Asker: 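Pasting a structure here, questions to come.
Nothing here was measured: the structure is a model prediction, and the numbers come from that model.
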Amino acid sequence: MYIKGEDLKVIRKQAGLTISEAAKLAGVKTRKTIMNWEKNVGAPNINQFLQLCRGYGLDCHKLMTDIMHRSATGQELGAIQSHHS
C-alpha cells in the first residue's frame with residue numbers, strides 16, 4: 001500500500017477540512033468511513049481518492065509521485081511535500 005491512513009489525515013488537515021466534509025467529498029455515507037481510512041482500516045477506491053484530491057485542492061499526480069518517492073526513500077510524506085513545494 002502506497003498511501004497510509006496518516007497520509008490521508010495529513011492532507012485532510014492541510015486542506016482545513018473536517019472528517020464530515022471529507023466524507024461528503026468522497027461520497028461516503030458516514031464520517032466513520034473516513035475515520036477508518038485514517039486508521040488504516042480500509043482505503044478509498046480510486047474514484048474516492050481522486051474526489052478527495054480535487055476537494056483538497058491537490059494535484060493528484062504530484063501527490064502520487066510524492067507517495068511513491070516516499071515509499072522508495074522512507075521519508076515522511078510531509079517532508080516530501082514541503083521539499084517539493
Asker: Which pair of heavy atoms, one from C60 and one from L50, lies closest together, and at what distance?
Answerer: SG-CD2, 3.7 Å
Asker: Please enumerate all residues that pass side-chain hydrogen bond (donor to acceptor under 3.5 Å, both in side chains) together with T18, with sequence neighbours excluded.
Answerer: E21
Asker: Please round to the nearest 0.5 Å and tell me the distance separating atom NZ of K9 and atom CE of M35.
Answerer: 9.5 Å
Asker: Mark yes or no for whether N40, through its side chain, and G5, through its backbone, hold a donor-acceptor pair below 3.5 Å.
Answerer: yes
Asker: Mind checking whether N36 and T33 have side chains closer than 4.5 Å, heavy atoms only?
Answerer: no
Asker: What I'd like to find out is whether the side chain of Q51 reaches to under 4.5 Å of the side chain of N47, using heavy atoms alone.
Answerer: no
Asker: Any side-chain heavy-atom pair from L8 and P44 closer than 4.5 angstrom?
Answerer: yes
Asker: Give, for atom CG of D66 and atom CG of D59, the distance between the pair rounded to the nearest 0.5 Å.
Answerer: 9.0 Å
Asker: Could you note down all residue pairs passing salt bridge (charged side-chain N to carboxylate O under 4.0 Å, His left out) where residues 32-57 supplies at least one of them, sequence neighbours left out?
Answerer: R12-E38
Asker: Holding to side chain to side chain contact (heavy atoms under 4.5 Å, CB included), I want the full list of residues that pass it with A26, two or more places apart in sequence or in another chain.
Answerer: V28, I34, W37, Q48, L52
